S.K.: 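There's a structure below that I have some questions on.
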Amino acid sequence: MEREVLAEDLKKLYKAGDLVKADCGGCQGCSACCQGMGDSIKLDPLDVYRLETNLGLTFEELMNRHMELHITEGSILPNLRMQGTKERCTFLNEEGRCVVHGFRPGLCRLFPLGRYYEEGGFSYYLQSQECPKKNKTKIKVGKWLDMPDLKKYEEFAAAWHFLLKDIRNLLEENQDEQLTKELNMYVLNLFYTKPYDSGVDFFAQFEERLEQMRKLLSVLRQNA
């Protein structure tokens with residue numbers, strides 16, 4: 001399930017230092033955005049790495065308890081699992097509070113903001129119809145995201161987005177079912193299931209894997 005982007009929301013774009021009316025005042029156990037989200041809360045490699053590191057769980061253990069795989073625009077990616085009659089996130093406690101809030105995934109940090117990608121980077125926009133809480137107050141985008149090394153994180157988020165776009169373009173050009181299957185499994189292994197060294201900067205490790213992936217895509221294009 002993909003969340004609809006309203007054209008009206010894209011009329012005003014923001015950068016990390018801009019003020020945006022997104023602060024929900026701690027949400028106070030509202031948890032409306034943690035229920036009924038289908039498979040829309042996609043997890044990037046950093047999200048999974050932080051969950052693994054802070055919870056002491058492997059990728060396989062997270063898959064058993066908190067994640068599932070879905071195909072999105074040709075790519076097989078993990079997303080947060082919703083469960084029960086109310087389709088609640090598995091990380092919600094009985095009081096409707098997030099038990100992984102300190103290391104919550106990037107899309108959870110972002111909400112109710114979204115990212116608008118262009119020219120190798122992105123801007124932020126406010127999803128005006130997503131959060132039901134009234135009387136939200138202004139806050140700097142960067143403070144709302146509450147992400148350490150925000151500049152590195154933004155570079156990572158852009159690189160990941162455009163890598164997936166490059167992969168989609170390659171697969172659409174080739175229309176090869178076997179290649180699609182093998183490339184998806186390669187991406188899952190390289191960026192998700194292959195362990196990262198917790199004693200080494202994540203972003204540096206991601207860059208090494210990103211370069212490896214780009215070289216493979218270059219070879220595949222040449223052989224197409």
Side-chain angles (χ1 to χ4, degrees), residues 1-5 10 36-53 57-83 87 89-90 105-111 114-123 127 153-197 202-224:
M1 180 177 73
E2 293 298 311
R3 315 301 290 185
E4 182 181 357
V5 178
L10 297 178
M37 301 301 283
D39 61 356
S40 66
I41 311 300
K42 301 294 184 293
L43 301 172
D44 62 37
L46 178 60
D47 294 331
V48 174
Y49 167 77
R50 296 182 80 198
L51 289 171
E52 289 174 342
T53 302
L57 299 176
T58 64
F59 182 84
E60 291 74 18
E61 289 170 331
L62 283 172
M63 283 295 302
N64 288 334
R65 305 180 197 180
H66 304 291
M67 302 188 312
E68 54 193 5
L69 297 177
H70 275 94
I71 298 177
T72 303
E73 297 182 312
S75 295
I76 300 175
L77 298 172
N79 60 267
L80 285 183
R81 179 182 297 168
M82 304 287 145
Q83 67 180 11
E87 293 190 344
C89 173
T90 60
L107 287 182
C108 301
R109 291 173 178 273
L110 191 62
F111 191 88
R115 298 191 193 107
Y116 178 69
Y117 293 89
E118 58 182 346
E119 299 178 359
F122 61 84
S123 299
Q127 302 180 82
Y153 173 69
E154 289 184 324
E155 291 171 353
F156 156 78
W160 180 243
H161 170 86
F162 288 107
L163 173 66
L164 293 179
K165 184 177 180 180
D166 286 345
I167 293 172
R168 285 197 301 271
N169 290 340
L170 176 68
L171 294 177
E172 287 174 1
E173 291 166 6
N174 283 268
Q175 295 294 311
D176 185 322
E177 187 175 332
Q178 186 62 28
L179 175 62
T180 298
K181 181 179 178 180
E182 292 179 357
L183 198 54
N184 270 314
M185 295 310 297
Y186 185 83
V187 169
L188 273 175
N189 178 62
L190 180 63
F191 291 104
Y192 289 99
T193 63
K194 180 181 177 181
Y196 291 85
D197 186 342
F202 168 84
F203 296 116
Q205 295 179 79
F206 172 78
E207 281 295 328
E208 292 177 359
R209 301 184 192 203
L210 179 64
E211 185 59 29
Q212 183 178 334
M213 189 72 220
R214 284 171 172 164
K215 287 179 179 178
L216 175 59
L217 293 179
S218 178
V219 170
L220 291 173
R221 287 194 186 92
Q222 293 172 10
N223 295 335

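Just so you know, these numbers come straight off a predicted model, no measurement behind them.
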S.K.: Would you say Asn184's side chain and Gly74's backbone share a donor-acceptor pair under 3.5 angstrom?
M.R.: yes
S.K.: Measuring from Leu10:CG to Gln127:CD, what's the distance to the nearest 0.5 Å?
M.R.: 9.5 Å
S.K.: Taking the side chain as everything from C-beta on, heavy atoms only, tell me whether Leu46 gets closer than 4.5 Å to Phe203.
M.R.: yes
S.K.: Just do the side chain to side chain contact (heavy atoms under 4.5 Å, CB included) check on Leu43 and Leu62 with the steps written out, would you?
M.R.: CA-CA 12 Å; Leu43 301 172; Leu62 283 172; over 6 Å; no
S.K.: Just wondering, do Leu217 and Leu163 contact through their side chains at under 4.5 Å, heavy atoms?
M.R.: yes
S.K.: Report yes or no: do Glu182 and Gln178 form a side-chain donor-acceptor pair below 3.5 Å?
M.R.: yes
S.K.: Please answer whether the main-chain N or O of Arg50 pairs with a side-chain N or O of Thr53 as donor and acceptor at a distance below 3.5 Å.
M.R.: no
S.K.: Arg81 side chain to Asn64 main-chain N or O, any donor-acceptor pair under 3.5 Å?
M.R.: yes
S.K.: The criterion is side chain to side chain donor-acceptor pair (under 3.5 Å); which residues satisfy it with Arg115, sequence neighbours excluded?
M.R.: Tyr117, Tyr153
S.K.: Spell out, as yes or no, whether a donor-acceptor pair under 3.5 Å connects the side chain of Gln222 to the backbone of Val219.
M.R.: no
S.K.: Using only atom types and a distance under 3.5 Å, with no angle test, would you say the side chain of Glu52 pairs donor to acceptor with the backbone of Phe59?
M.R.: yes
S.K.: Apply the test side chain to side chain contact (heavy atoms under 4.5 Å, CB included) to residues Leu69 and Met63: give CA-CA distance (whole Å), side-chain angles for both, the deciding distance (0.1 Å), then the verdict.
M.R.: CA-CA 8 Å; Leu69 297 177; Met63 283 295 302; 3.7 Å; yes
S.K.: Listed by chain and number, what are the side chain to side chain donor-acceptor pair (under 3.5 Å) partners of Gln212, not counting sequence neighbours?
M.R.: Tyr186
S.K.: Checking side chain to side chain contact (heavy atoms under 4.5 Å, CB included) for the pair Ile76/Leu188: CA distance, chi angles, key distance, verdict?
M.R.: CA-CA 8 Å; Ile76 300 175; Leu188 273 175; 3.9 Å; yes
S.K.: Among Glu208, Lys215, Arg209, exactly one meets side-chain contact (heavy atoms from CB on, under 4.5 Å) together with Glu211. Which residue is that?
M.R.: Lys215
S.K.: Just wondering, do Leu190 and Leu216 contact through their side chains at under 4.5 Å, heavy atoms?
M.R.: no
S.K.: Give me the atom names and distance for the closest heavy-atom approach of Gly38 to Asn79.
M.R.: O-ND2, 4.3 Å
S.K.: For the residue pair Asp39 and Met82, establish whether any side-chain heavy-atom pair is separated by less than 4.5 Å.
M.R.: no
S.K.: Between Tyr49 and Phe206, is any pair of side-chain heavy atoms under 4.5 Å apart?
M.R.: no
S.K.: Find the distance between CD (Glu118) and OG (Ser123) and round it off to the nearest 0.5 Å.
M.R.: 5.5 Å
S.K.: Counting only N and O atoms by type, is there a donor-acceptor contact under 3.5 Å from the side chain of Tyr196 to the main-chain atoms of Phe191?
M.R.: yes
S.K.: Between Asp47 (side chain only) and Gly106 (backbone N and O only), is there a donor and an acceptor less than 3.5 Å apart?
M.R.: yes
S.K.: Who pairs with Glu154 by side-chain contact (heavy atoms from CB on, under 4.5 Å), at least two apart in sequence or on another chain?
M.R.: Ala16, Phe122, Tyr124, Leu150
S.K.: State, yes or no, whether a side-chain contact exists between Thr90 and Arg65 at a heavy-atom distance under 4.5 Å.
M.R.: no
S.K.: For Thr58, which residues count as a side-chain contact (heavy atoms from CB on, under 4.5 Å) partner, sequence neighbours excluded?
M.R.: Glu60, Glu61
S.K.: Taking Asn174 for its side chain and Leu170 for its backbone only, find out whether a donor-acceptor pair lies under 3.5 Å.
M.R.: yes
S.K.: Just so I know, are the side chains of Cys108 and Leu80 near enough to count as touching, which here means a heavy-atom distance under 4.5 Å?
M.R.: yes
S.K.: Looking only at non-hydrogen atoms, find the nearest pair between Tyr192 and Asp44 and report the distance.
M.R.: OH-CA, 3.4 Å
S.K.: Does the side chain to side chain contact (heavy atoms under 4.5 Å, CB included) test come out yes or no for Arg168 and Ser75, once each step is laid out?
M.R.: CA-CA 7 Å; Arg168 285 197 301 271; Ser75 295; 4.1 Å; yes
S.K.: Ignoring hydrogens and angles, tell me if any N or O in the side chain of Thr180 forms a donor-acceptor pair with the backbone of Asp176 under 3.5 Å.
M.R.: yes
S.K.: Is the shortest heavy-atom distance from the side chain of Met213 to the side chain of Asp166 under 4.5 Å?
M.R.: no
S.K.: Mind checking what makes side chain to side chain donor-acceptor pair (under 3.5 Å) contact with Glu155, not counting sequence neighbours?
M.R.: Lys151
S.K.: Who pairs with Gln205 by side chain to side chain donor-acceptor pair (under 3.5 Å), at least two apart in sequence or on another chain?
M.R.: none
